[in-house]
Every structure is written in structure tokens, then in C-alpha cells.
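Every chain is numbered from 1, with letters handed out A, B, ... down the list of sequences.
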Amino acid sequence: MSRTDIGPPYFKDMLPPVIKENYGRWKYHEILRPGVLRHVAESGAEIYSVRVGSARLMTVDRVREICDLADKYCDGYLRFTSRHNIEFLVSDKNKVEPLLRELKEKGWPVGGTGNSISNMIHTQGWIHCHTPATDGSGIVKAVMDDLYEYFVDMKLPAKLRIALACCLNMCGAVHCSDIAMVGIHRKPPVIEHDIVSKQCEIPTLIASCPTAAIRPNPKLKSVEVNEERCMYCGNCYTMCPGMKIADPENDGVAIFVGGKVSNARTPPMFSRLAIPYLPNNPPRWPEVTAAVRKLVEVWARNARQGERYGEWIERIGWERFFELAEIPFTDKHIDDFTFAIPTFRTAATFKW
Amino acid sequence: MSRTDIGPPYFKDMLPPVIKENYGRWKYHEILRPGVLRHVAESGAEIYSVRVGSARLMTVDRVREICDLADKYCDGYLRFTSRHNIEFLVSDKNKVEPLLRELKEKGWPVGGTGNSISNMIHTQGWIHCHTPATDGSGIVKAVMDDLYEYFVDMKLPAKLRIALACCLNMCGAVHCSDIAMVGIHRKPPVIEHDIVSKQCEIPTLIASCPTAAIRPNPKLKSVEVNEERCMYCGNCYTMCPGMKIADPENDGVAIFVGGKVSNARTPPMFSRLAIPYLPNNPPRWPEVTAAVRKLVEVWARNARQGERYGEWIERIGWERFFELAEIPFTDKHIDDFTFAIPTFRTAATFKW
Amino acid sequence: MAESRTPLLDELEKGPWPSFVTDMKKLAQRKPAVQDALGQLEMSYRDKKGHWKHGGIVGVRGYGGGVIGRYSDVGDVFPNVAEFHTMRVNQPSGWFYTTEKLRQLCDIWEAYGSGLTNFHGSTGDIILLGTVTQNLQPAFDALSEAGFDLGGSGSDLRTPSACVGPARCEWACIDTLDICHDLTNTFQDELHRPMWPYKFKLKIAGCPNDCVAAVARADLSVIGTWRDSIRIDREAVREYADGGLDVERAVVNRCPTGALSWNAEKKELGLKAEECNRCMHCINMMPKALCPGVERGATLLIGGKATILQTAFLSWVIVPFMKLEPPYEELKDLLRRIWEWWDENAKTRERVGELIYRKGMREFLRAVGLPPAPQMVFRPRANPYYFWWPEELEGNGHKEQG
Amino acid sequence: MAESRTPLLDELEKGPWPSFVTDMKKLAQRKPAVQDALGQLEMSYRDKKGHWKHGGIVGVRGYGGGVIGRYSDVGDVFPNVAEFHTMRVNQPSGWFYTTEKLRQLCDIWEAYGSGLTNFHGSTGDIILLGTVTQNLQPAFDALSEAGFDLGGSGSDLRTPSACVGPARCEWACIDTLDICHDLTNTFQDELHRPMWPYKFKLKIAGCPNDCVAAVARADLSVIGTWRDSIRIDREAVREYADGGLDVERAVVNRCPTGALSWNAEKKELGLKAEECNRCMHCINMMPKALCPGVERGATLLIGGKATILQTAFLSWVIVPFMKLEPPYEELKDLLRRIWEWWDENAKTRERVGELIYRKGMREFLRAVGLPPAPQMVFRPRANPYYFWWPEELEGNGHKEQG
Ligand code: SRM
Ligand code: SRM
Ligand code: SRM
Ligand code: SRM
Ligand code: SF4
Ligand code: SF4
Ligand code: SF4
Ligand code: SF4
Ligand code: SF4
Ligand code: SF4
Ligand code: SF4
Ligand code: SF4
């Protein structure tokens, strides 16, 4: 008989001894080199953390490989970060170099600390979800391959957080990332009335539409969509499989920029629309990877030291950003949802 | 027979010769002293403008007195400003001092330029409008009497624009003033069903409510008010005299601060709620005048040179403003209308 | 001495600011309407409430607006203000007057009205306060005779207004007064005959200082600006510095874009013109040394309004730059397109800004034929809820399917 | 060599970043489910669309959540993924593991599932990807045996998560890991048995750097902070300066509140503690020299969420400061009051932030008994549309009249 409600394993049982002993009494840290942190406790004790990039989607075999390394160098202790990186927790200073050597041999990326691009927060996509407008792991692989140099080095003006969500549900903190990719649809759902009438609860379905585009169709015991109001969010499909929203020809990826969540200097900010649409081109999404690289580099070239993406844009102005990034400005960039008004420019001041 | 559609008198016929000759070719100006401007043209020509405070509500006799002065010192030319001040346009330098002397004798206030408080933009109130929650001219007189020293001198950190509107229609730029007084009601309308049913168009009446608090009452051919949703704006009364909103016991004045319309340095800003309610106490509204003076002075004491009211608050933070101004913060200060969300603090950063 | 009939109002005769009570009391001696106006106002001061009410529609022949009907709800007590309508008279651009014209107005209003006025109403009109229905037409005839016409009221174009502009200001980038006059005359029909969903206001400021508060109160704001660089008189800058102005602190450090720099040794002001957003601050601080560039025109913004119904809006940029030279056809055409779209789509009492909010800026821009520009927004949308036009999609446009 | 059955996916074996394809292909050799998962993914890559669909509700005994049911719409082609459910397993606070525990998980998932995992899901759970309905209960039993439990899914409390906090970070102002663990255990019923209008997420960050991105993704964000002054080690500051850090430019000038000053000669950092808003910037720049104060606790924010339905919200401050010490009763009580109010008032699929938006912050604050504070807003309202409570008015409360 299984026990219910036992809760997660107690984290203290998972901590290396040096952490247990110095818990809550750390004094400072240094980044020794990309991916290698040294935390020093008030007691003088130290712990070294070696951060390694991960695909997140891993087999048990891969996890066991990680365990092998942790056994060898970390007395069997490790952790994962809030961005899905692996952190090898090395208590013995002398094991840092050997670990790094073995990681290098294996070709595992060490980095993601300080002014780098860390791992991409991302979501299921075609590997497991039923609402995606694009894939998750595949684009992440393509983009991280391309931006690898920025993961293993710390040569950027500041941290750069990239995220991807495969549909507008935006699982993850995509809406507040320096650069965010989002899978989007571009056509209203095609309604399969027999499925709607048999499987779906009509009032909930109607309520699911953010723009009130869905109205009942009592004759068919189904619904209708006011296509003028539909902005293809796919929420109706989440609620009801009869609202087919996927459309291989028109689905694709939008890119938002300038979000952050830390309070450092500036308050948390939303990411904002930069590129309304790029095509889905598996397996390596060349248009998306090229666009992301270009976005990274225009910032890296122009921002001041220590300036996050959104901080940079807010300083120079979005009109200047669109010019520097060579992105055409369209009517899509102008908000027309609930909180549109506060985004409109109520000033005669702007740059040409 | 009168002619229609002749339009206003041609302004060029109203201009003093020196202005006509130098129209569009002014070079610079100076404020010689409070209320006295000197504009110099590219040609070297000059015009002196002497700015005089006005009650705005004036009799023809008073206007004729003004004309007498303009005839004597300005060759019969004058103008009014966008804030209802009189400007005597003196072409002859030698007439400036005599004009100022006569104004002084008559006790007419000269000032309103530069870093001063100019005349108050205001509205009809009890003298002519049918929707006021407070008076116009009376409070203005009381407040300007009290702040007189700031009109005739330029000792403030920056311009300070004060405005008053006698109801939420806010005739004027009250919503974007450094300090704004607004007449408010505090109870839902009392419905006189016979008037509503006879004189009012029900659908228009229902549509007039910003919070959709009004619903039809078909039995009485009238309407009902959902009192939970009513925030006493009085718009229904504007549309229909059967929606009695005035309530001497509870009507009064709210004070908003920090608005501006110029683009100088910072974009135009809305005024924001400082004091939710002060009682209507004619004839001199002591609570209101005292509150306004206190608001003026807390800014004057704390702002940096050149910093408008809203610029000052935005620099120090509204939490600090409420503390310095000794104004209790209430649930009324927290927005709950359409664009509330962007005003909520989405950051762990603030001052204690 | 007899006891005053206006003990509360009398309190407003004290103090240094001009007293409308003193002024009115004098006129009351020969004008019963003023006497009763004071009496009713005193009653309001006692009751703490207004005593005016709506009434039937009143006006002058051929016009639908320009008069605000007003009736006393205590007309039995104050018969001389039982009817007390206001006439809105269109001011000359920039509120310039000759005393001759002003005196004519006074005489007319003494003859046909109460003799009470506002110079001016918040929209900009000359407000002639208080007359009876039967005097409206005679008053209008006399005004017309004197070269005056009514302004707007009701669901029409409201009286346009403009800052003093080129008449007396060195910073005017456009001829505010002429634009105001020209538009007012071109659109006399729109001004005098309410036929729209609601009011439409138009204000013209010569530069981004916006001395006519357009951005807050005009459905269409015209704000003068320039496309090239601020012009700097280096010698004059030095004089300001020598005269004690802390150029670095008061000017350079407060430039919002960081476009300015200061060489303290040489007393030289540096300017990256392409960074400047034309906020006017540095010009305001050193009027003798700096002035707007020479390639001049205006930024147009739409949608400004007060609180009712959707909450107040400040105006939003819709045309970053438009050259404005007589006969201002480009501007007039745009206004006509805006009105057409608004008139066709708005509900009753829906201001153009509220309609744009309801329909989306994208619909508006397409309908009136304006290209989207990043200058229209402080920042782009944060949500992914945007629409595609059929022609932008592969396969059938979305309107066809489903 | 035989032609690859996954030519598109094979392209993802190239490049320096770890390849999930390479990894999966190896496991596919002994796991037919992985083989078919690859096959179906290849099909998605070809078709440019997903091939998963909803299905009946699946789960384990006694729980309403923790399992995401998934079915292939091409199950005939890929029978081994016809059913392919996910189990969400509650991670230990801070994602710390012993290899022993991790290996146990691997063994269980090799036995009862596909052997595919995510370390971790975006909410924080260990994601065990892909198993069949009949294996759910056995897998759960084995997990339970190993000391693991399921996380949340559906309309329940979602698995709380926390930054690494005091375990390895010198800036943690609260014991993020303990709070996370304690709350998770206290609210096991809320976590496992969906009974609310929608999901509720809870994240705990030790300081305003918010390394767990709470403010963007948690219905309730707990963010460590302090009430007194940043502590400064003056000697260490000097060392940074000597070491080449441009303290003035990189630290002082970028302080958002102007709380810092720099004496370049003495290499001394000045701090007006009352001006500091605790943004962390200066601390981040000089970890050896500066650190948070000693009077520690947390700021609580509510309402963070992603795009659907009302658009994304960042969380809003509702408690500027709360001390947080075991057993965290004040926090737990507040959570219960929030859930009660939300549960009573929300529509189906209405997040707590959306409910507050609909009802107004004032109703929320009163219902849960929190006092309004200016820290809750960036700025107060600009509109005059506010409400009065009956007890605030003269005469009868407004509820009685009319
Ligand atoms: C390990 C981790 C916490 C965890 O529980 O897993 C962590 C750990 C640290 N963070 Fe973080 N942060 C971690 C996610 C985050 C996140 C969340 C995210 O990215 O999704 C944020 C918010 C990002 C944002 O704003 O979008 C975050 C914003 C910061 C900041 C603020 C940076 C800024 O200027 O905005 C600092 C301060 C700094 O780096 O100077 C910081 C600093 C730190 C320090 C230096 C704290 C310390 O003293 O130990 C740690 C090492 C930093 C480094 O990588 O250079 N950490 N940090 C997370 C590592 C994720 C990863 O694998 O890359
Ligand atoms: C006469 C008038 C225009 C008119 O057509 O009537 C006018 C005239 C001038 N304005 Fe103005 N402004 C006038 C209303 C305004 C308004 C509108 C209002 O107050 O309703 C504003 C916007 C106020 C706001 O932002 O809330 C306005 C914002 C400015 C500014 C920007 C100040 C700032 O820092 O925000 C300047 C520049 C300055 O003063 O340094 C300016 C500067 C000037 C100059 C110096 C322009 C010039 O070179 O001649 C004029 C004399 C200024 C003075 O009074 O010190 N004027 N000015 C208006 C006088 C009103 C009055 O009687 O007080
Ligand atoms: C006379 C004047 C106030 C004053 O003392 O100066 C005025 C007076 C009235 N306004 Fe106004 N408004 C006046 C300028 C304004 C302004 C300022 C402006 O035009 O620059 C505004 C704010 C800007 C705007 O239009 O949004 C303004 C916003 C309103 C509103 C709210 C409109 C909105 O969309 O929010 C109303 C309500 C309505 O239209 O039903 C209103 C309605 C009224 C009515 C007609 C109320 C009524 O239903 O009878 C008032 C008639 C008073 C009377 O007895 O004469 N008045 N009104 C101003 C017109 C004088 C003139 O023509 O020069
Ligand atoms: C697995 C995971 C993505 C991942 O790859 O990591 C995920 C996957 C799904 N999310 Fe999510 N969400 C996941 C974290 C999030 C997050 C991030 C977070 O929790 O920190 C968010 C944004 C924050 C938030 O909650 O707002 C998120 C916002 C959504 C939404 C939009 C909710 C909203 O109010 O806007 C939906 C839509 C819904 O609930 O119907 C959604 C719905 C879904 C569903 C259940 C879609 C569905 O109807 O089947 C996805 C199931 C995928 C699958 O096949 O397993 N998921 N989802 C994450 C959970 C793993 C875990 O337990 O650790
Ligand atoms: S973002 Fe959308 S498609 Fe991707 S996992 Fe979340 S719900 Fe599924
Ligand atoms: S896709 Fe979104 S907007 Fe379109 S009908 Fe469905 S729920 Fe509504
Ligand atoms: S603010 Fe209100 S009461 Fe005052 S004049 Fe305007 S409409 Fe009338
Ligand atoms: S006073 Fe305003 S909120 Fe109240 S019922 Fe009338 S229109 Fe609606
Ligand atoms: S708006 Fe500009 S041009 Fe017009 S008066 Fe003011 S400063 Fe001069
Ligand atoms: S006008 Fe404003 S933005 Fe331009 S240089 Fe001067 S101060 Fe700077
Ligand atoms: S949020 Fe603060 S306490 Fe937690 S890991 Fe990040 S820096 Fe450390
Ligand atoms: S924490 Fe931020 S606000 Fe406080 S002193 Fe440091 S930089 Fe300034």
C-alpha cells in the first residue's frame, strides 16, 4: 500500500555536509570562471558549484551519467537550478579541475553564470503537449547551439535570459524574459461541431475566449466564432478539442524582448513584441535562430556595461530599438488588448 | 438679418503693430520681474507683456475697466492667456512702469509668470452649471487669496498649475494639473422615477454609466441602480435629471496632484489622488485652502530646483510623498477602474 | 446699514485676489439678473448645492449649438434668473483683442444679457453668461453685426484654440493662430451644427511646451516640432554660464535623453541631435542661446479627453511629423477621414479616443490611412493577442475558413 | 547503413549543446516507447504540428492531480505511445539531490515509464514523461516507497518552489527552502485534490533578485527583504575600488534611488538607508563588501501569471513586510483567507489576480484583512471613480437609500 500526502523528500537530507554546516551563514561568492562559483561561509568553509548546461529533456541514462560524475567528484551531491542547469556541488577544492576536465572531454557545456546566456526556460512542445504551435526542445537545441559561445563565456553586457513557450499559455516566465520565443497560431479555430457538441461544455468554452469571440450555435449544439475578434490564442482548443487551432501552414514563432524579473535597478518588466512572426522550419528553425542571434548582438554591441536588454531599450527608446534591430514596425506592435492605453505615446517627445 | 458662419474675428486685426511687424520673428524673451515679460524680435523690436490675475467671472464693467487701462497704456491692445489671465501688451517701454503703478494702486495682482502659481483653470460651479458637486469661482477666490504670495512672486521650485472642476466632467485640464480640486459626490443617485420615465431616454441613460451600474426597471418604465457598483460620478444625472445625485451632506472636494501637460523633461502626466474627500464649507472652504497650501509647501520645501510636482513625487516615490504630506493612504487611493493593473506595484522595491 | 442679503458671499470680498462678488454686486445695482444670480448663489452657499436645471433646447436660427440652456429650480424666488442661458462666442485666435472689439461685446451683453462673462471658457470661447430665451436671437444678431460668431456646444466640433504662438513666442514651430483661424473657418458647419456622436475638440500648440494644454483636452492635438537639430548660439551659452547658470546641473543633467554634454572648461555645450527628443527643456532654460531647428512642422495626437466615460485619456501620437503650411490641406483631409470613421462607428457619446480604444488602433490607422510607426507608442504590446489581416496569411485568408 | 527513420531529428544531433535526440536514440534501443516517441516527433517535424490529444482523466488513487493524461492521435502508427501520460513528482526544496535518490527515480521510471524525464518542469516538479494508464498506480506506489510524492496539476495548489536560498546564497533573507517545504507539507490536501476555481502557484525567493522568477509566475510570491540598512564593510569597498571596479560609475550612478554617494578621495561609500529601496544592485556588484540588513522578513505579492485569460500579470505587493519564522502561521493564515475569498468569488478558470482585477483591490484587502499601504502601488489612481463604505458617510449609509 502506498502512502499518500507524504510530501517531497526533506531537502536537508539532500545537502552536502558543508552546506548543512554553513546553512544560512554564507558570506560571499565569486565567479571563478564561467560556470564555476565559489561560495565562502562565515566559518571560512567553501563550496564550489560547477554549472553545466542540460537539454532538460533527458533519459534516465543521461541522469545516471550525471550521478556518476556527482559520485566521483561531489560525494554524491548535486542540484539543478531554476533554469534547468545541473550544478555539481564540489566540497573538495581539488576536485574542481578534474571535474572540469572530464566535463570538457565529454563535451558538456560549463557556463551560464554572470554576464552570460543561461539555459533556456522552455516547455514541452511536440514531445508531449497537445496545444503547441511549435516545438520546445528542438528550437532550444538549435538556438543554444548557435549561442553556445555566450553560454560558456561571460562577454555580454549583462545577464541575458532567453525562454521559449510553445503556445500562448506561456508555461515558464516567457512573458518576462530578455528574449522570448512564443509559438503562435494565425488563424481562427476550425470548428468540428460533432466533437464540440459531444465532448465540450459550451458555457465554459464560451467563457474561455479572452476576446469574447465565441458565441453559441444552438442549432448544432455547438458554437460559432466571430472571426473578426479571434486572435488565435488557442485557449478554446485547450478547453475543447473540437476547436482545431493548429495550422501547419500559418503557425510559427513570435519573438518578444526586454523582460526581466529581478528587482535590480529597475522593477520587473514584461517582454514586448519585437518580431510578430517567423515560420516554423524544423528541424533547425534557421529564421528563428538567426533572428535571436541578431537580437542578442544588437544589444551586446549597443548596451552599456551592466544594462539588461529591457533597460537598454528603455534608455534609448523603442523607436530607436526598432531601427537598430532593423525590425519593421507594424500595426501588430501596437497593443489593442485591455491595457493598451497606457502603452500609447502621450507625448510629442520621441526620436526620429 | 444676421449672417451665420462668419467665424471669429480675424486675429490679425487684433494684433498691436509691433506684433504684426515681427510676427513669427521673435528671438528670445526674459521675465523682467513677476508678471512682466519682455519679448525681443530678430529686428530688435520689443514688446512688454504685463500679466494680471483675473477672476474670470467678470462683469462687463470690469471688462471695460480693463479696456480703459489697455487704451491708456497699450494703444488699445490686450489679450487673455490660456489660463484666463489678462495680458496688457505694452509696445512703449516707458509705459510699463506707469501701468504697473496703476495696477498696484487698483490692487490688481501682477504675476503668474515663471516659477509661480498662475491663475487657476476652473469651471462654472453654482453660478451656472447644473451638475456641480461644489462651487467654482468661490473656492478659486479663497485658494488664490491664500496663495497670493506665490502668484506675485517666483519663489517656487518650478511652475505650479492649480485647477478646479466642480464635478467629474472635469471641464478644464484638471486631470493633468500639478494640484487639482474636483467636486465629488459620495452617494448613488436617488431616482425620481416619474421624471426618469417621462423625460429620459432609458437606453442612453443606461449606457451613460461607466460601471454599468444602471439596469432597466421595466415595471416603472424607469431604471434601478446597483449601488454596489455606483461610484457617484453623476454622469447619469447629466443624461437625466431624474437621477438626483447632489447631496449637501456628503458632497465635497477631492484633491489630485502631480499632473502636467508640457513635454519638458518628462512626458505629460495625469494628476493622481492625494486627498479623497474634504467637506464643502462655503464661503471660504477652509479645509480645502489649508490642504492646498500644505500641498504647495511640502513640495516647495522638498523638491529640487526646476522640479515640477509630479517629477518630484516620481523621484522620491509616492509612498514617501504620502508620508511627507502627512496624508493617510486608504483603499480609495488604489485604482480599481479599467487601467488599474499598471498602477499596482509589481516590484519588491519601495521605501518603508 | 441694512443687513446684507448675501452674508456668505460677502466673505469673498475679502482678500487680495480679485473678487467676483464685489464686481457683481456693483453691476447688480443696475442689473436685476445679476442681483438674482447673487441671491441664488448665496442660496447655494447656504444649501451646499446647485440650483440650476436642464430645460428645453434653446438656440439661434440656423445653428444647433453655441447656447447652453439653463433654468433656475428656484425661479419663483429669483424670477430674473428663471431663464439664464449662456452664449459661447468664438474667440479670436490666441485671445487677442482690441479694446474696441471688447467694448462692443460688453455693450451687446449689457443690452441683451446679464452683463456677466467669462474671459474665457475652458474650451476657449468667450462665455456670455445669463440671458433669457427671447434675447438669444437679438443677441446673436448684434454679435454677428459686430463680427462675432458662436462657438461650439453639443455633439459638434468644439471651438478650436491655440497658444499665442508666432504672435509673441520665439519657439512657435507652426503658425498656431493661422491654423486655428483657418480650420475654424473651414469647418463652420461642423462647428455650428451638431451631427456627430459626441463632441470633438481641436487645440494647437506651437511647440512641445503645449501652452494650450492640448494633449490633455483635445480630441486632436497639433503640437509644433522640428526634424533637424536645435540651433545653438555658443556665445550666448557662455553668457548664461558666466551669468551664473549652472549649465551642467540645471540643463545638461536634466536632459531626459542624455543628448547634451558640457565642457566646463570651454563652457561649451555639446548636442547629439539624433538623440534629442525635443522636450524643450534646454531651450526653456536658455532662451537666448537655444532655439528649435528650421525644418518645422507638427506632431499630431489623438484622443485627449476628460474623465467621463472610460476615464481620462492623454492624446496619442498618430502622425509623428506633418508639414503645416496654408491651406493645410493634408491636415484637413485627415480630419475629414477621422470624422468619417468616427461618425460611422461610434456609439452615442463615444469620443474618438474611446472608439479607438474599443476598436483597436490598428483599425483606426487602416481606416484613415496612416502608417504605423514606433513613435506612436511608448512601448509595443506585451501580450501576444494580435491580429493578422487576411492578405498576410498563407492559403485562404482567415475570413474564409471555418 | 540503413536510412535513418528520423532524418529531420538527426539534424539535432549536431552542434555543441547537449542533444536530446542523441540521448533518446540510445534509450530507444531498449525502450519501444522512446522509439515511438522519436517516431512521432519526427512526424511532427515533417507535418509541423503536434500529434497529442486530450483524453479521459487519469490519475492515482486518492489524488485528483499530479498526472497529465496524454494520447497520441497517430496511435496506430506508434502504438507504444498511444498512451503517454506524464507524472509530476514533487521536487525537494531547491532541487537538491543525492545521487542515491536520483538513481532510485531513474530505476522507477525505467521500470514503469518511458525513461524520459525533465529536470525539471517549469513549475519545479520532476517531470516523468510518458507512461500508460495501467502503470500509473504501480509507479506511484514505487515513488511513494522511495519517499517521493506527486506534485500539483489541475485546479489545485501547484507545487511550490524556492530559490537555493540559505543553502548556498549569502543574500537569503528568509529560509526559502524550509518555507517551501513546510508550506508544501501543510497544504498536501490543497496540492493533491483539486477543488478550487483554477490553479494557485506559490514561489519563494530569498531576496529581490528573485532567482525563482516568482513575480512573473506565482499567484503568491514571497520575496525576502529587510527593514533596516544594508551593511557595509568599508575595507572591502576600498578593495573593490583598488581592484579596478569603477564604484562611482558601475554602482553609485546606477542606484535607482540616489541613496548612494561616493567619496572618490577616501574611497568611501555613503548610504542614505532610508532612501534605499533594496533593489540589490549595489550588493550584487560588491558581494564581498555589502549585504542585506539584519531585520529580515519578506514582501508578499499576489496575482502573477501568464497570458491566458486577461493577459499576463506580474505580482502586486499586498504585504510590504512580514516576519517569517517557523511555523509561519501568519503566512499560512493569510493564504487560507486568500483561498477562501478566491474560492467563494471566482469564476471557473479565474486566477486570483484576475478576480482581484474584477472585484477591485479594495474588496480583496478588506476580505482578507490587510491594511492598504502606499507600497502596494507604483502610483495612486488617476481617475476619480472610487467608492465609499457606508460607515464613512454622513446620514444613512449609501446602501440604504435610493
Ligand atoms: C542558481 C540560481 C538559483 C537557483 O535556485 O537555482 C541563481 C543563483 C545566483 N543568482 Fe540568480 N540564480 C538563478 C536564477 C536567477 C533568475 C531566474 C531566472 O533566470 O529564471 C533571476 C532573474 C532573472 C531576470 O531578472 O530575468 C536571477 C537574477 C539574479 C540577479 C539579478 C541580475 C540583474 O541584474 O537583473 C543576480 C545578481 C547578479 O547576478 O549580479 C543574481 C545572483 C545570483 C547569485 C550570485 C546569488 C549568490 O550569491 O549565490 C547566484 C549565482 C549567479 C550566477 O549564476 O552568476 N541572480 N537569478 C539560478 C540559476 C539559474 C541558471 O541556471 O542560470
Ligand atoms: C501666455 C501663455 C500662452 C497663451 O497662449 O496664453 C504661455 C506663455 C509662455 N509660456 Fe507657457 N504659456 C501659457 C500656458 C502654459 C501651459 C498651459 C497651462 O498652464 O494650462 C503650459 C503647460 C503647463 C503644464 O505642463 O501643466 C505651459 C508650459 C510652459 C513651459 C513648460 C514648463 C515646464 O517645465 O513644464 C514653458 C517653459 C518654461 O516656462 O520654462 C513655457 C514657457 C512659456 C513662455 C516663456 C514662452 C515664450 O517664449 O514666450 C511664455 C511665458 C511664460 C511664463 O509665463 O513664464 N510654458 N504654458 C500661457 C500663460 C498661461 C498663464 O496665464 O499662466
Ligand atoms: C463652460 C465650460 C466650463 C467653464 O466654466 O469654462 C464647460 C461647461 C460644461 N461642460 Fe464641459 N465645459 C467647458 C470645457 C470643458 C473641457 C475643457 C476643454 O474643452 O478644453 C472639458 C475637458 C476636455 C474634454 O472635452 O474631455 C470638458 C468636459 C466636459 C464633459 C466630459 C466629457 C468627457 O468626454 O469626459 C462634459 C459631460 C458631457 O459632455 O456630458 C461636459 C459638460 C459640460 C456642460 C455642458 C454640462 C451640462 O451637461 O450642462 C457644462 C455647461 C455649463 C454651463 O452651465 O455653461 N464638459 N468641458 C467650458 C466650455 C467653455 C467654452 O466653450 O470655452
Ligand atoms: C509541464 C509544464 C511545461 C514544462 O515543460 O515545464 C506545463 C505544461 C502544461 N501547461 Fe503550463 N506547464 C508548466 C508550467 C507552467 C507555468 C510556469 C510555472 O508554473 O512557473 C506557467 C506560467 C505561470 C502561470 O501559471 O500563469 C504555465 C501556464 C499555463 C497555462 C496558462 C495559465 C494562465 O492563467 O495564463 C495553461 C492553460 C491552462 O491552465 O489551461 C497551462 C497548461 C498546461 C498544460 C496542462 C496544457 C494542457 O491543457 O494540457 C500543459 C501540459 C503539458 C504536458 O503535456 O505535460 N499552463 N504553466 C510546466 C509544469 C511542470 C511542473 O509541474 O513543474
Ligand atoms: S506552452 Fe503551451 S504547448 Fe507548451 S507546454 Fe505549455 S501549454 Fe503546452
Ligand atoms: S482562438 Fe482564442 S480568440 Fe480565437 S476563438 Fe479561440 S479562445 Fe477565442
Ligand atoms: S466641471 Fe461639471 S459642474 Fe463644473 S462646469 Fe463642468 S460640467 Fe459643470
Ligand atoms: S452616478 Fe455614475 S456610477 Fe452611479 S449610477 Fe450614475 S452613472 Fe452610474
Ligand atoms: S506652446 Fe510653445 S510656441 Fe506656444 S506659447 Fe508655449 S512655448 Fe510658445
Ligand atoms: S530638447 Fe530636451 S531632449 Fe533635446 S537636448 Fe534639450 S533637454 Fe535634451
Ligand atoms: S533570490 Fe536572492 S537569496 Fe535567492 S538565490 Fe537569488 S540572490 Fe540568493
Ligand atoms: S540596494 Fe539598490 S536602492 Fe539600495 S542603495 Fe543599493 S543600489 Fe541603491
Side-chain angles (χ1 to χ4, degrees), chain A residues 2-9 11 14-15 19 23-24 26-29 39 55-64 67 70-71 76 79-80 82 126-128 130 132 137 141 144-145 148 168-173 175-176 210 235 241 246 248 261-265 268 280 282-284 337, chain D residues 8 11-12 15-18 20 23 27 44-45 48-50 52-54 62 90 92-99 102-103 106 109-110 115 117-119 122 141 144 147 149 166-168 170 177 184-185 188 208-210 212-213 215-217 256 279-281 287-288 306-309 312 314:
Chain A
S2 64
R3 299 158 303 159
T4 57
D5 300 313
I6 61 169
F11 67 95
M14 307 284 159
L15 302 178
I19 284 191
Y23 191 87
W26 297 99
K27 198 162 151 39
Y28 69 89
H29 76 278
H39 283 82
R56 190 181 84 128
L57 171 55
M58 297 189 289
T59 65
V60 289
D61 287 344
R62 177 79 183 188
V63 177
R64 287 174 183 133
C67 289
D71 282 337
R79 74 180 289 266
F80 294 85
S82 63
W126 293 331
I127 194 73
H128 202 263
H130 69 120
S137 315
K141 164 76 174 142
M144 289 307 288
D145 276 345
Y148 188 78
L168 298 200
N169 285 340
M170 293 205 182
C171 303
H175 52 296
C176 299
N235 200 39
V261 300
S262 83
N263 286 279
R265 299 168 303 281
N280 259 340
R284 294 200 68 101
F337 200 54
Chain D
L8 292 170
E11 291 298 312
L12 292 174
W17 194 251
F20 67 95
D23 187 14
L27 185 61
S44 284
Y45 271 53
K48 302 189 190 179
K49 66 185 275 236
W52 300 107
K53 57 177 190 183
H54 274 294
N90 200 335
S93 274
W95 303 287
F96 280 93
Y97 294 93
T98 57
T99 50
L102 272 184
R103 288 183 199 277
C106 291
W109 202 236
E110 171 132 19
T117 72
N118 290 150
F119 279 89
S122 298
D141 294 345
S144 177
D149 200 344
R168 202 200 51 197
E170 65 270 31
L177 303 178
T184 305
N185 280 295
Q188 284 287 300
N209 278 332
D210 194 0
V212 70
V215 77
R217 324 183 280 166
C279 82
M280 293 294 298
H281 173 70
K288 289 185 189 170
T307 312
I308 308 290
L309 202 68
L314 284 156

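Counting only heavy atoms from C-beta outward, the side chains of A:S137 and A:R56 never approach each other to under 4.5 Å. Inter-residue side-chain proximity for D:L309 and A:N235 is flagged as met; some heavy-atom pair is nearer than 4.5 Å. Side-chain contact check for A:N263 versus D:M280: every heavy-atom pair is 4.5 Å or farther apart. Considering only heavy atoms from C-beta on, A:I127 stays 4.5 Å or farther from D:F20 through its side chain.
Although no hydrogens or angles enter the test, the distance criterion places a donor-acceptor pair under 3.5 Å between the side chain of D:D149 and the main chain of A:I6. In this structure a side-chain-to-backbone donor-acceptor pair under 3.5 Å is missing from A:S262 to D:D210. The main-chain N or O of D:G94 is found under 3.5 Å from a side-chain atom of A:R79 such that the two form a donor-acceptor pair.
For the side chain to side chain donor-acceptor pair (under 3.5 Å) test, residues two or more places apart in sequence or in another chain that qualify with D:E110 are A:R64, D:R30.
Heavy atoms of A:Y23 lying under 4.5 Å from chain D belong to its backbone as well as its side chain. Residue contact with chain A, scored on non-hydrogen atoms closer than 4.5 Å, involves the backbone and the side chain of D:S44 alike. Of the atoms belonging to D:K53, it is backbone heavy atoms, and not side-chain ones, that fall under 4.5 Å from chain A. Contacts of D:N185 with chain A are made by side-chain atoms alone, with heavy-atom separations under 4.5 Å and no backbone atom involved. Only the side chain of A:H175 comes within contact range of chain D, with at least one heavy atom under 4.5 Å from a heavy atom of that chain. The parts of A:F80 that come within reach of chain D are both its backbone and its side chain, each placing non-hydrogen atoms under 4.5 angstrom from that chain. For A:H29, the parts sitting under 4.5 Å from any heavy atom of chain D are the backbone and the side chain alike.
Considering only heavy-atom pairs separated by less than 4.5 Å from chain D, the leading option among A:R284, A:M170, A:H39, A:K141 is A:K141. With chain A as partner, the option from D:G62, D:P92, D:P208 having the largest number of non-hydrogen pairs under 4.5 angstrom is D:P208. Ranked by heavy-atom pairs under 4.5 Å with chain A, the first of D:N209, D:T184, D:T307, D:D23 is D:D23. Annotation: maximal heavy-atom pairing with chain A below 4.5 Å, among D:A167, D:G15, D:S122, occurs at D:A167. When A:A264, A:G76, A:C176, A:P241 are compared by the number of non-hydrogen pairs under 4.5 Å with chain D, A:G76 comes out ahead. If you tally non-hydrogen atom pairs under 4.5 Å between each of D:G50, D:A213, D:G115 and chain A, the highest count goes to D:G115. Your options are D:V212, D:L12, D:L102, and the one with the most heavy-atom pairs under 4.5 Å with chain A is D:L12.
In this structure, D:H281 NE2 and A:R265 CZ are separated by 5.5 Å, a value rounded to the nearest 0.5 Å.
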